[in-house]
Amino acid sequence: MSEIPAFPYEILWGERVLRSVANLTRADAREFLALAARTPIATTVHPYALEQAPQALADLRAGRFAGAAVIAF
């Protein structure tokens, strides 16, 4: 089998990650929360039961929704 070439998949899928940092100051937190309040952030989540995982994948592949499919355990 041939080697799979490296690819920046975050570009393909448009995925983003939110991380927290333990070593920030209270002033940093105030500044961040003020910025967050001014920034329009909207999430779209489509929950599926674990038994519906195949349907979630089918819906995702077919482009039946915008946002993220979430499998609830």
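The structure displayed is predicted, hence computed values, not measured ones. Values below: all heavy atoms of this structure, side chains included; hydrogens, waters and symmetry mates excluded. For this chain, numbers begin at 1 and follow the sequence in order.
The backbone N or O of A49 lies less than 3.5 Å from a partner atom in the side chain of Q52, making a donor-acceptor pair. At least one donor-acceptor pair under 3.5 Å links the side chain of H46 to the backbone N or O of A66.
A distance of 9.5 Å separates CG of L24 from CZ of F32, quoted to the nearest 0.5 Å. A distance of 13.0 Å separates CZ of R26 from CG of L33, quoted to the nearest 0.5 Å. Within the model, atoms CG of N23 and CG of D28 stand 9.0 Å from one another, a figure rounded to the nearest 0.5 Å.
Follow the hydrophobic side-chain contacts under 4.5 Å out from L50 and you never reach V45; the two are in separate clusters. Cluster membership check: F73 shares its hydrophobic cluster with Y48, using side-chain heavy-atom separations under 4.5 Å among Ile, Leu, Val, Met, Phe, Trp and Tyr. Residues L57 and F65 do not share a hydrophobic cluster, clusters being chains of Ile/Leu/Val/Met/Phe/Trp/Tyr side chains in contact below 4.5 Å.
Environment of CD in Q55: crowded, with over 12 heavy atoms of neighbouring residues, nucleotides or ligands closer than 6.0 Å.
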